[in-house]
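Basis for what follows: all heavy atoms, side chains included, without hydrogens, waters or symmetry-related copies. Along the sequence shown, the residues carry numbers beginning at 1.
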Amino acid sequence: MRSWRKAFVVRTAAMSVIGVMAFGSAAAATAYHNAISQIDVQDLDGLVTEVVEPKDPSDPFKDEPVNLLLMGTDIRDGSNADIGGVVDGMRSDTTMLVHISADRQWMEIVSLPRDTFVDIPSCKLPDGSQSQPYRDKFNASFTVGSGGTDLKHAAACTINTVNAITGITVTNHAVVKMNGVIDVVDAIGGVKMCLPEALHGDPRSARIDLPAGENRLDGKTAIQFLRVRKGTGMGLEMGSDLTRIERQQAFINATFRQILSAETLADPTKTFRLINAALGSLSADPAIANPGSVAGLAWSLREIEKRNIIMTKVPVYDTTENGVSGLGWGPESAEIFTRVAADEPPEDVVLEEPEPSASPSGSGAAEGGSGDAGGAEGDAGGTEGDAGGDGGETADAGDGATEGDTADGATGGGKPTKPKPSPSPEVLLDGVCA
């Protein structure tokens, strides 16, 4: 019943939004087209070395894993300068790889620390020339590719770097500016977070003061929460980008949970505001900038369990290269990237086991395990159980199994079945509400 209601809520909200966009008032139609016109479409054809062609042009995400690279930038133009101050040029601030499994049962978000030393490959520059391969901190790939001002080439060079250093092929991308985060958060009515302790930011870097306990962050507060590095509470004392990644992951996880909840999906007005804000704040590839494609992807995620939205940190260690302090990726990072590239779930994911299919049978007695045949099979199961007992394991696993009854993992037919593991309690990140 719960899954039916969940699907009904999602379907109703989706149809409501689509109905408003397609058949609604002139004002609604105008708002929709305004949102579409705001999208900065980035076609990186010829700039990215590895491009994945969609399996089905009518549904580019169908039956395929999605590797979406989200790049936050601290470019200080217009309202972004009001948030973070005026600074020339553009730099990558936060980069996350969002992997959506082909079966749509789980999602993994991998944060890529910006201060990690990596090998940056040759990238095509805005003037048509090629940069030289060199080694630097990861976020330098965004800066060198941009030539100082070009967002499209900055994204392409970052994608080429991720492809080269992880072995994962980025299929889609989106660049989000600071003011875009504000619009999205406000569109869903703020993001609820439960802080384990009070958080006070250093006013020289970010103006934020939050009490312990439940808080609902509006857009401006959320951007300060994502930016703050120094202060007190939730690791701010360390002034580290790594502890900031932990807070950012908690915020992203809380946001996804809220978007997937009935609180958002059951409110067509809130859903439409979210679509409008999201589309208007992105610089993205054509597939992500296409509302139909995004709607199809969102619909495919309607049954995903919140506990299967996994946040992963790449293990790192402190290091110094050429007199500059930074981070190096630990040896375990290769295992993470290999697993993601193979579309294999992390250990924390709890997947539903498929229902066992009934085996064909020529008689009800054999199928049900009743009568003499069933009894014989039960005795055989008992013998196997006794043998196991002699070896030090649980005895009498199949004794007396009649009418297809199961005892301690053995069926009446004497065939042991694999016990289903009990799902472990969900461990929430600090700041995410239960």
Side-chain angles (χ1 to χ4, degrees), residues 44 48-57 59-71 94-113 116 118-121 138 141 155-174 245 249 252-253 256 260 285 287-288 293-294 296-317 327-354 418 420-421 423-424 426-427 429:
L44 306 186
V48 177
T49 54
E50 295 183 56
V51 178
V52 176
E53 294 296 332
K55 182 177 181 181
D56 182 351
D59 182 4
F61 303 107
K62 185 178 181 180
D63 299 327
E64 293 288 345
V66 175
N67 291 316
L68 170 64
L69 193 68
L70 288 179
M71 292 164 275
T94 300
T95 303
M96 295 184 177
L97 180 67
V98 181
H99 177 84
I100 303 173
S101 66
D103 61 13
R104 302 299 187 256
Q105 290 197 53
W106 55 278
M107 177 191 306
E108 184 172 11
I109 302 173
V110 184
S111 294
L112 304 177
T116 309
V118 299
D119 293 319
I120 299 175
F138 172 69
S141 60
C157 193
T158 303
I159 292 172
N160 283 332
T161 302
V162 172
N163 288 343
I165 63 181
T166 66
I168 299 169
T169 299
V170 172
T171 58
N172 303 92
H173 80 278
I245 284 177
Q249 286 190 331
I252 295 295
N253 189 278
F256 269 112
L260 292 174
D285 64 84
I288 294 298
S293 298
V294 174
L297 178 60
W299 177 252
S300 73
L301 295 173
R302 66 190 182 279
E303 296 295 341
I304 193 171
E305 295 289 341
K306 292 179 183 179
R307 66 175 297 138
N308 286 342
I309 302 174
I310 307 298
M311 314 301 292
T312 298
K313 292 185 297 181
V314 176
V316 295
Y317 59 89
L327 301 171
W329 279 348
E332 303 91 343
S333 61
E335 299 177 5
I336 294 174
F337 299 142
T338 299
R339 178 176 51 72
V340 172
D343 193 30
E344 297 176 354
E347 293 182 356
D348 293 339
V349 166
V350 178
L351 300 178
E352 293 184 3
E353 294 187 5
K418 182 180 179 181
K420 291 185 178 181
S424 57
E426 182 177 13
V427 178
L429 299 176

Which atom of [X] lies closest to which atom of [Y], heavy atoms considered:
X      : Y      : result
Leu429 : Met311 : CD1-CG, 3.5 Å
Ser111 : Val314 : O-CG2, 3.4 Å
Ile120 : Ser141 : CD1-N, 3.6 Å
Gln249 : Ile109 : NE2-O, 4.0 Å
Ile304 : Asn308 : CD1-O, 4.4 Å
Phe138 : Pro113 : CB-O, 3.8 Å

Are the side chain of [X] and the backbone N or O of [Y] linked by a donor-acceptor pair below 3.5 Å?
X      : Y      : result
Asp285 : Asn172 : no
Thr95  : Leu112 : no
Asp343 : Ala102 : yes

Requested in this report: Using the side-chain contact (heavy atoms from CB on, under 4.5 Å) rule, take Met96 and Ile252 through it: C-alpha gap first, then chi angles, then the decisive distance, then the call.
Outcome: CA-CA 10 Å; Met96 295 184 177; Ile252 295 295; 4.0 Å; yes
Enter the distance from [X]:[atom1] to [Y]:[atom2] here, rounded to the nearest 0.5 Å.
X      : Y      : atom1 : atom2 : answer
Asp103 : Glu303 : CG    : CD    : 13.0 Å
Glu344 : His99  : CD    : NE2   : 9.5 Å
Arg307 : Trp106 : CZ    : CH2   : 15.0 Å

Requested in this report: Check step by step if side-chain contact (heavy atoms from CB on, under 4.5 Å) holds for His173 and Ile288.
Outcome: CA-CA 7 Å; His173 80 278; Ile288 294 298; over 6 Å; no
Report summary line: Paired with Phe61, the side chain to side chain contact (heavy atoms under 4.5 Å, CB included) test is passed by just one of Ile100, Leu68, Thr171, Leu297, namely Leu297
Requested in this report: Have a look at Ile168 and tell me which of Leu97, Leu69, Asn163 forms a side chain to side chain contact (heavy atoms under 4.5 Å, CB included) with it.
Outcome: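 Option passing the side chain to side chain contact (heavy atoms under 4.5 Å, CB included) with Ile168: Leu97.
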